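Note that the structure is a prediction, hence the values are computed from the model and not measured.
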Amino acid sequence: MSFEWIMIPYSLLTLFIVINYGLLLTALMQKIGARVGRRHGIPIWQNYIDLLKNYSIRSSITHGVMFYLGPVFRLTGGVGLLLFVPTIFGSEMFSNLSFAGDLILALYFIFFGSLGMALGAGESGHPHSAIGVSRGLSQVTTSELPFALAVFAVALQYQTLSVNDIVAAQQGGVMNWTLFTNPLAVAAAMLSFLGSMMRPPFDVVLAPQEIPIGPPTEYHSSYLALMQTNRVIFPIAKMVVYMNLFFGGAASWPVFFLKIFLIYFFSLFIGVVFPRFRVEQSVRWFLIWAMPLGIAAILVV
Amino acid sequence: MKDDFEKLLDQQPEKEPEPQERPALRDIPVREELVPRTVTAPDGQEIRIDPLQDYYCQAGPTVQTPAYTRIIEDLFNWARAESLWILGFGTGCGAIEMRPLMTPRFDAYRYGIQWRPTPRQANLLVISGYLSVKTLKRAIRSYEQMQNPKYVVGLGSCTINGGMYWDSYNTIKRLDDYLPVDLYITGCMPRPEALLQGFDDLKKLIRAGKAEGANKYAENFERYKTNQKRVIKDWDMPDYSW
């Protein structure tokens, strides 16, 4: 891959589209969840207002340097993940900064934000933050295991670490998707996907009904706004990875929007049906149900 | 005479610095974790810790002026009005009237009203019903941890004049003496519809830029503190909780 300066504005354009789509999609998902509970739900533009409101708070307090850097790390994780993976397959404009070994980098970026958040929330000194962080890290770590196994299975299957090549290998019909060529890996990854979306049954870390909303307990105003921005980018970026690895990628924006919506909807669908797990239950669930699928996927390949 | 005076001047730096303690604070037994103590570090160094001085910021609240041009402040006020985050802290029986707002029948979420579990993220404190002196203490600490701009809504007659607790020894009568109230919702109890109407009126106040309770609190900080300390006899917390 050769670098050209025009790639930077192109990547920023991708980021812009994804932020707006994420803001609307997150609100839409909350609305669908509310409709399941027979509520009307928030307005579709509510996320924009909340974001603007949080940026407009006049005062803010700090607990130290890492408290500042926590949301920044988190946002870096989301934006980095998005920018190093091709968004639209075969498009010069929206391939972003992807390169030959980007799959490994993507795996790293998925975890990067959680670690930054752990340091930042830890410095806030609030006991609820510390509990939230320890819960969150143990849950994310176990839910990452099946995903990592699935990614290795897919990398072995296609003999490459480039997301672009993996998408290219899946072109030419639905039956070429990893979903059908390696269903075990996809199953393991989709179970792991539930664990990282912070929706029931795996949202004990952030759920307001539990110990006050976990890691971001002390975060407010602009810090919180940064984290909200990341909360709309990161799920989309993660779903882009899933879409590219398992569901044949997207060749145009409408296909992209549809596939992302469906992948997101999967976690929402599970979330409104099943009640919440405690952390030790979810850790056990991932190790018993998702891990063997991942190992089997590698063995089969 | 002059020599004596110079001697006195020389002595002064060596004198023990007067600890800046609030007289009212020392009259009452302080909670165990707030008692000044000496801690020995692993390397043998002895550290003197006064939790109220060392763990809490001593500065009071400051007036935060809207430092933007009019049109931007209007935009911000609109955003603040359309995104009211209520602190999930029910002080009295009125809290029961807020629950129906979260459920399908009244569903306040469609008006941009949400409940947040931490004061840092909330910008609206609803004092729901009577406020006992013990709860007032917690309400003050919660209110002070919220970030400017912040709003207070008094729910029910008890927050206006004591309501049916008008002669109680243990509840406050006028909420406005202790926290800057932006809006009262009358009734005992007000129905959820009344609450929605009240929130709608609060939105109008915020949009008009008239809901500056946080700055009012900062300007009249001394008065509010005097009033608060008059009723809270066991004041064992910092004067201002950041």
>> For residues 203-216 of chain B, give me every residue with a non-hydrogen atom less than 4.5 Å from any non-hydrogen atom of chain A.
In response: B/Glu212, B/Asn215
> Side-chain contact, heavy-atom cut-off 4.5 Å: A/Gln139 with A/Val205?
Replying inline: yes
> Looking at A/Asn54, A/Ile49, A/Leu51, which one has more heavy-atom pairs under 4.5 Å with chain B than the rest?
Replying inline: A/Ile49
> Counting only heavy atoms not in B/Arg70, do more than 12 sit closer than 6.0 Å to its CZ atom?
Replying inline: no
> Which class fits the ring pair A/His220 and A/Tyr223: parallel under 30°, tilted 30 to 60°, perpendicular over 60°?
Replying inline: perpendicular
> Any idea which of B/Arg80, B/Gln64, B/Gln114 has the most non-hydrogen atom pairs under 4.5 angstrom with chain A?
Replying inline: B/Arg80
> Under the criterion side-chain contact (heavy atoms from CB on, under 4.5 Å), which of A/Leu81, A/Leu82, A/Thr229 is the partner of A/Phe234?
Replying inline: A/Leu81
>> Parallel, tilted or perpendicular: which one describes the rings of A/Phe67 and A/His63, with boundaries at 30° and 60°?
In response: perpendicular
> What option among B/Gly112, B/Ala81, B/Gly88 has the most heavy-atom pairs under 4.5 Å with chain A?
Replying inline: B/Gly112
> Where does B/Thr103 contact chain A at under 4.5 Å (heavy atoms): side chain, backbone, both or neither?
Replying inline: backbone
> Can B/Arg138 be said to sit on top of B/Phe89's aromatic six-ring, NZ or CZ under 6.0 Å from centre and within 45° of the ring axis?
Replying inline: no
> Is B/Arg105 paired with B/Glu193 through a side-chain N to carboxylate O contact shorter than 4.0 Å?
Replying inline: no
>> Could you tell me if A/Asp50 and A/Gln228 have a donor-acceptor pair between their side chains, going purely by distance under 3.5 Å?
In response: no
>> Is there a side-chain contact between B/Thr118 and A/Tyr219 in this structure, where contact means two heavy atoms from C-beta onward sitting under 4.5 Å apart?
In response: no
> Does any heavy atom of chain B fall under 4.5 Å from the side chain of A/Glu218, the backbone, both, or neither of them?
Replying inline: both
> Which class fits the ring pair A/Phe112 and A/Phe73: parallel under 30°, tilted 30 to 60°, perpendicular over 60°?
Replying inline: parallel
>> Can you tell me which portion of A/Ile57 sits under 4.5 Å from chain B's heavy atoms? Options are side chain, backbone, both or neither.
In response: both
> Among residues 141-150 of chain B, which residues come closer than 4.5 Å to chain A, judged by heavy atom distances?
Replying inline: B/Gln147, B/Asn148, B/Pro149
>> A side-chain contact here means heavy atoms from C-beta on lying under 4.5 Å apart; do A/Val133 and A/Met117 qualify?
In response: no
> Among B/Asn123, B/Asn77, B/Ile72, B/Ile113, which residue forms the greatest number of heavy-atom pairs with chain A at distances under 4.5 Å?
Replying inline: B/Asn123
> So, do A/Phe193 and A/Phe147 have ring centers that fall under 6.0 Å from each other?
Replying inline: no
> Is the B/Phe199 to B/Tyr151 ring centre distance short of 6.0 Å?
Replying inline: no
